[in-house]
Amino acid sequence: MLFKKIYYIFLACLEPLLDSFSSRLCFFCRNNLGALVCDNCVKEHLSLKKKVIDYKILDNFFLDHEQVFHPKIFYLINFFKKTSYLIKKAKYTRPHFSKFFAQQLSFFFVENLNQILTDDVNLAYVEDFPYSSIKLNIFITHSPMYLEKEKNRAFNFAALLAEDLSSSLLDHLQKSRNMKIIFQSSRGIYQHDLAKIEFLENFFVRIKDTKPLFNLGQESRISELSNAFKINKSISLGLEDLNVLLIIDDICTTGSTMLELMKLSRIYADFDEQIGFTLYGRNLI
Ligand SMILES: [Zn+2]
């Protein structure tokens with residue numbers, strides 16, 4: 001356990017140092033361009049995609065609980081054989097990768113902000129939406145790891161991503177003051193000021209040591225995940241005005257984990273919108 005912690009500190013400190021001494025080869029094109037993924041390959045391989053959610057796993061919960069939209073999950077990179085190698089590296093041995101990916105997530109989030117928050121609204125008329133003095137707050141949290149597992153692995157990549165994304169978005173917010181965001185709540189569609197971005201560490205807790213889901217079929221995934229999580233009630237949210245929860249995960253295949261977390265936060269916390277935001281994903285249907 002202690003060894004793992006030391007290993008993590010070693011990785012977290014040494015990696016940036018190593019990067020500054022040797023230029024990195026781009027993961028996709030192998031050109032020596034000093035970045036994990038070079039600008040050209042970012043353009044080619046990274047773009048924000050909305051996950052198509054299989055309505056079979058939505059179950060009656062989301063149909064019964066009124067909200068403006070159906071649950072939304074976005075992802076940045078298509079999960080295929082080649083990138084599965086990259087995610088394994090990031091997840092298990094390279095915590096420092098979170099900084100690079102968080103910057104990308106932050107860039108795409110800001111670029112597509114109105115699309116993410118308003119969905120089907122015709123954004124050609126963005127400027128025409130009336131202004132509301134109700135402020136918008138964005139809370140960022142992550143998919144939780146079972147505590148024993150986290151101790152063994154020394155870090156939870158989704159948590160690192162969420163933390164780095166929060167600081168990257170905060171930087172952005174400080175640079176662009178008076179950022180207006182179009183948001184559709186139950187009150188209608190308005191432009192709002194972005195008031196705050198807050199990182200919620202361990203907002204969700206995994207109370208069941210779930211089996212890896214990738215081998216399981218849809219039904220088994222759902223039963224494996226039932227009662228697997230709870231909300232950490234010791235975190236006080238201080239929700240005022242409009243509040244959006246961004247749930248960050250590294251990988252999303254069917255979306256069943258994300259939907260379980262969304263269900264919990266809909267039951268126990270009063271967010272106006274919750275959005276899944278993941279690094280890797282794919283559309284299976
Ligand atoms: Zn490249």
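Below, each value reflects all heavy atoms present in this structure, side chains not excepted, and no hydrogens, waters or symmetry copies. In each ligand, atom 1 is the first atom listed, and ligand 1 is the first ligand listed.
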* **Y146 side chain to N152 side chain, donor-acceptor N/O pair below 3.5 angstrom** => no
* Residues two or more places apart in sequence or in another chain: which of them pass ring pair (Phe, Tyr, Trp, His ring centres under 6.0 Å) with F271? -> F139
* Between F28 and F80, what is the ring plane arrangement, given parallel below 30°, perpendicular above 60°, and tilted in between? -> tilted
* To do: Sort by chain and number the protein N/O/S atoms found under 2.8 Å from the Zn ion (ligand 1).
  => C26 SG, C29 SG, C38 SG, C41 SG
Throw together a table of side-chain donor-acceptor distances under 3.5 angstrom for residues 102-112, partners on residues two or more places apart or in other chains.
unit_1, atom_1, unit_2, atom_2, d
S106, OG, S168, OG, 3.1
N112, ND2, F108, O, 2.7

* More than 12 heavy atoms of other residues, nucleotides or ligands under 6.0 Å from NZ of K88: is that the case? -> no
Determine all donor-acceptor pairs shorter than 3.5 Å in which one atom belongs to a side chain in residues 228-235; sequence neighbours excluded.
unit_1, atom_1, unit_2, atom_2, d
N232, OD1, S234, N, 3.1
N232, OD1, S234, OG, 2.6
N232, ND2, N202, O, 3.1

